[in-house]
J.: 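Here's a structure for you.
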Amino acid sequence: MLLILPGQMSESRGEPKERTDVVDTDHEEGVTSRHPRKNQIKSRRHSTRNRKSKALTDTTDSDVSPPLQVCGKLQGPVESDNLSAEEEIKIVGESFIEDDSNAYPLRTRSRRSRRMVNRSGSEVTIPRKRVRRQPRRPLNFSTSITSEGVLSSRQFYRYMDHIWSEVSAEKRNSIACMDCLWFNTYAESKWKEKVLKWIEREDIFSKKYVLVPIVLWSHWNLLIFCHFGESLQSESSTPCMLLLDSLHMTDPKRLEPLIRKFVMDIYKNEKRPETKELIRKIPLLVPSIPQQIDDKKCGYFVLYYIYLFIKNAPEMFSIDEGYPYFMTEDWFTLEELDGFCRTLESVRVDTTSSDE
């Protein structure tokens, strides 16, 4: 900010003109610069923007620095050397004039401190108050579900360990289950390559079935890849995808664009010979299965889908001959689901007591 002070007279072109001195208030106190031509330009700007402001020119005391001009308004003389320690208050951001009637912000060059002018005209430097910020974490839809009765990802891992322990070794060799957070982590583009590397280690193209739990938008679904290792033109075992959703009223097909992009990237990362046209033709089936009657049980429905599918999955899945197989509206009753949940609850209690 530049302040214009009346000074001596200088002659130019035969006419007397007023010479002005410039005080740069954004620099340290006591440092002045003289730019006659620049001062005239600055004077015109300030007079145009703030025609109602009046400059105070009575500054005869040598111990007092020139008046401070803030946004075109002079606030009286500023004492340069008599600032007490108590006046240095910690505030972050812009400078303010300490006046009940005319308080308005002033931008300063340094964001590490504020400058304030009190009613007596003294300038006070206010250091910045440092605030420690928490690091940003990637959005995780599943771990954000913490209300009572809703399945969390930690509980899902525990219950899946129990279900997987009851699966025979033969079926373990033909079925793979992905992590429940991989799909929504893939949805965040910056983590996509890492997720594809994790999937590559699972060798899913050597499995008959690949279970992909999805927790997205605070809702659980189950995606199943069937016979992805087979040729896409095979007639006996047709590669396809099943999407099991316990809440059809939310339109399960809304996930199809993201699912197909997910599958396309898996084929590309594995360097499979199938063309994009054939990959796009892999059918996505949504069978009519038992539905939830509340807004909390979707995670437990997915666990029960996994449990029953592993138990009853056919040796060769065919869309033309056997679909939908056992996946119908009367697949199971809500009473059977409640019994399954009680079993899982007992497993959780036993695990918690053993940890203690």
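No hydrogens, no waters, no symmetry mates; every other heavy atom, side chains included, goes into these values.
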J.: Do Leu244 and Leu334 sit in the same hydrophobic cluster, where Ile, Leu, Val, Met, Phe, Trp and Tyr count as joined when their side-chain heavy atoms come under 4.5 Å apart?
T.: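 The answer is yes; both residues are in one hydrophobic cluster.
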
J.: To the nearest 0.5 Å, what is the distance between OG1 (Thr238) and CD1 (Ile282)?
T.: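 If we round to the nearest 0.5 Å, Thr238:OG1 and Ile282:CD1 are 11.0 Å apart.
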
J.: Is it the case that more than 12 heavy atoms not belonging to Lys171 sit under 6.0 Å from its NZ atom?
T.: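 Yes, the 6.0 Å shell around NZ holds more than 12 heavy atoms from other groups.
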
J.: Output, in order, the C-alpha distance, side-chain angles, deciding distance and verdict of ring pair (Phe, Tyr, Trp, His ring centres under 6.0 Å) for Phe340 and Tyr300.
T.: CA-CA 9 Å; Phe340 175 76; Tyr300 294 95; 8.3 Å; no

J.: Before accepting this row, confirm whether a basic side-chain N of the pair Arg272/Glu270 lies closer than 4.0 Å to the acidic partner's carboxylate O.
T.: no

J.: Just checking Glu321: does its CD atom have more than 12 heavy atoms from other residues, nucleotides or ligands closer to it than 6.0 angstrom?
T.: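 Not buried by this count: 12 neighbours or fewer within 6.0 Å.
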
J.: Identify the heavy atoms of Ile306 and Leu211 that sit nearest to each other, and give their distance.
T.: CG2-CD1, 3.7 Å

J.: Taking everything shown except Gln233 itself, do over 12 heavy atoms lie less than 6.0 Å from its CD?
T.: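 Not buried by this count: 12 neighbours or fewer within 6.0 Å.
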
J.: Can you check salt bridge (Lys or Arg N to Asp or Glu O under 4.0 Å) on Lys207 and Asp203, steps first, answer last?
T.: CA-CA 7 Å; Lys207 309 294 182 179; Asp203 193 17; over 6 Å; no

J.: Report yes or no: does His162 contribute a side-chain atom to a donor-acceptor pair with the main-chain N or O of Leu344 at less than 3.5 Å?
T.: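 A pair under 3.5 Å: no.
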
J.: Ring centroids only, cut at 6.0 angstrom: are Phe309 and Tyr209 within range, meaning strictly under it?
T.: yes

J.: If you measure from CG on Leu222 to CG on Leu303, what distance do you get to the nearest 0.5 Å?
T.: 9.5 Å

J.: Going only through I, L, V, M, F, W and Y residues with side-chain contacts under 4.5 Å, is there a path from Phe332 to Leu247?
T.: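 Per the 4.5 Å side-chain linkage, Phe332 and Leu247 are not co-clustered.
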
J.: Taking the six-membered ring for Trp, are Phe183 and Phe262 parallel (under 30°), tilted (30 to 60°) or perpendicular (over 60°)?
T.: perpendicular

J.: Looking at Lys281, I'd like to know if its NZ atom is crowded, meaning that more than 12 non-hydrogen atoms belonging to other residues, nucleotides or ligands lie closer than 6.0 Å.
T.: no

J.: Is the side chain of Glu188 donor-acceptor paired with the backbone N or O of Lys190 at a distance under 3.5 Å, no angle test?
T.: no

J.: Carefully, step by step, assess Leu258 and Leu216 under the rule side chain to side chain contact (heavy atoms under 4.5 Å, CB included).
T.: CA-CA 11 Å; Leu258 185 57; Leu216 201 63; 4.1 Å; yes

J.: Using atom types as modelled and distance alone, determine if a side-chain donor or acceptor of Gln291 lies under 3.5 Å from a backbone N or O of His248.
T.: yes

J.: Indicate the atoms forming the closest heavy-atom contact of Ser153 with Leu181, along with that distance.
T.: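 For Ser153 and Leu181, the tightest heavy-atom pair comes out as CB-CD2, 4.2 Å.
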
J.: Within 45° of the ring axis of Phe301 and under 6.0 Å from its six-membered ring centre, is that where the NZ or CZ of Lys297 lies?
T.: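 No, Lys297 and Phe301 do not form such a contact.
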
J.: Answer yes or no: is there an ion pair linking Arg342 with Asp338, defined by an N-O contact shorter than 4.0 Å?
T.: no

J.: Which residues pass the ring pair (Phe, Tyr, Trp, His ring centres under 6.0 Å) test with Tyr323, not counting sequence neighbours?
T.: none

J.: Just wondering, are more than 12 heavy atoms of other shown residues or ligands nearer than 6.0 Å to CD in Glu336?
T.: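 Yes - once you tally the heavy atoms of other residues, nucleotides and ligands closer than 6.0 Å, there are more than 12.
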
J.: Might you confirm whether atom CZ of Arg154 has over 12 heavy atoms from other residues, nucleotides or ligands at distances under 6.0 Å?
T.: no

J.: Verify whether the ring centers belonging to Tyr267 and Phe228 lie closer than 6.0 Å.
T.: yes

J.: Measure centre to centre between the rings of Phe205 and Phe225, then say whether the value is under 6.0 Å.
T.: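 No: the rings miss the under 6.0 Å criterion.
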
